[in-house]
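Presented below is the structure to which this report refers.
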Amino acid sequence: MQFQPLTMGHRITAGFFTLLMLTMAYLQLNDPDPALWVAVYLTLAGLTLLGSVLGRQKLVAGAALAVAVVWAATLAPSAYELFANHPAGDLLTGMSPDRPYVEEAREAGGLLIGALAMLHLVLARKRPTDELNQAPFHAQVG
């Protein structure tokens, strides 16, 4: 597994996503099924932290991106139900068994935020100095 160091701007963005994922994991502690969602957000936080400290690893971030997008897509019907047939403000109201679309729409949104974090790691650029240091040495000063 080869990490590619990121530019400072990309490292700051990855750090922001790390803090966001940790906050989302904390907010899941009062969820009806906290273990699953805390694990999801802690995993995403760990990946973004690795990205900010060590650099990106495209394969792992790409796999996490794919999983998050597919999982969010499975929850899309609930998000559609919420926004097509109910007031958008319902997203901010309490959850209840007669409105499962509220929780699932929130979960889809959280997964899409996580997917955005992984997309950032996939698309982030390497530091330019690393590219210069890897170029072959053509001239010898002497």
Side-chain angles (χ1 to χ4, degrees), residues 1-139 141:
M1 182 161 63
Q2 179 181 349
F3 287 96
Q4 299 173 342
L6 304 179
T7 63
M8 184 56 74
H10 288 300
R11 293 173 89 180
I12 290 169
T13 303
F16 166 76
F17 277 122
T18 300
L19 292 175
L20 183 60
M21 294 297 122
L22 289 173
T23 302
M24 292 167 70
Y26 175 76
L27 292 174
Q28 292 302 312
L29 293 176
N30 69 350
D31 196 68
D33 53 349
L36 172 66
W37 292 101
V38 169
V40 167
Y41 292 127
L42 287 179
T43 300
L44 293 170
L47 291 173
T48 55
L49 179 63
L50 282 175
S52 67
V53 174
L54 298 177
R56 70 179 178 158
Q57 208 294 320
K58 280 180 117 172
L59 183 61
V60 174
L65 170 64
V67 168
V69 168
V70 169
W71 195 351
T74 65
L75 298 171
S78 293
Y80 177 79
E81 167 69 22
L82 172 68
F83 292 113
N85 301 320
H86 304 281
D90 278 2
L91 187 63
L92 304 175
T93 61
M95 296 179 289
S96 65
D98 60 323
R99 298 182 318 174
Y101 55 86
V102 173
E103 180 180 6
E104 290 179 0
R106 291 177 184 169
E107 291 168 347
L111 287 168
L112 290 176
I113 292 170
L116 183 63
M118 295 300 102
L119 180 63
H120 169 262
L121 289 179
V122 168
L123 299 178
R125 297 179 56 109
K126 294 190 308 185
R127 287 192 300 226
T129 56
D130 292 336
E131 292 171 359
L132 292 175
N133 291 336
Q134 293 176 1
F137 189 73
H138 292 290
V141 179

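Residue indices begin at 1 and follow the sequence shown. Small disclaimer: the values here were computed from a predicted structure and weren't measured.
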Those residues that, when tested against T13, pass side-chain hydrogen bond (donor to acceptor under 3.5 Å, both in side chains) (two or more places apart): none

Can you tell me how far the [atom1] atom of [X] sits from the [atom2] atom of [Y], to the nearest 0.5 Å?
{"X": "F16", "Y": "M21", "atom1": "CZ", "atom2": "CE", "value": "8.5 Å"}
{"X": "L42", "Y": "L47", "atom1": "CG", "atom2": "CG", "value": "11.0 Å"}
{"X": "M24", "Y": "L111", "atom1": "CE", "atom2": "CG", "value": "8.0 Å"}
{"X": "R106", "Y": "S78", "atom1": "CZ", "atom2": "OG", "value": "12.5 Å"}
{"X": "M118", "Y": "K58", "atom1": "CE", "atom2": "NZ", "value": "14.5 Å"}
{"X": "Y41", "Y": "L27", "atom1": "OH", "atom2": "CG", "value": "9.5 Å"}

Heavy-atom pair of closest approach, residues G51 and A14: C-CB, 4.4 Å

Where A45 and L22 come nearest, the two heavy atoms and their spacing: CB-CD2, 3.8 Å

Please report, to 0.1 Å, the donor-acceptor pairs under 3.5 Å made by any side chain of residues 61-76, with sequence neighbours excluded.
unit_1, atom_1, unit_2, atom_2, d
T74, OG1, W71, O, 2.5

Side chain T18, main chain L49, donor-acceptor under 3.5 Å: yes

Pairwise side-chain contact, L19 with T48, heavy-atom cut-off 4.5 Å (strictly under): no

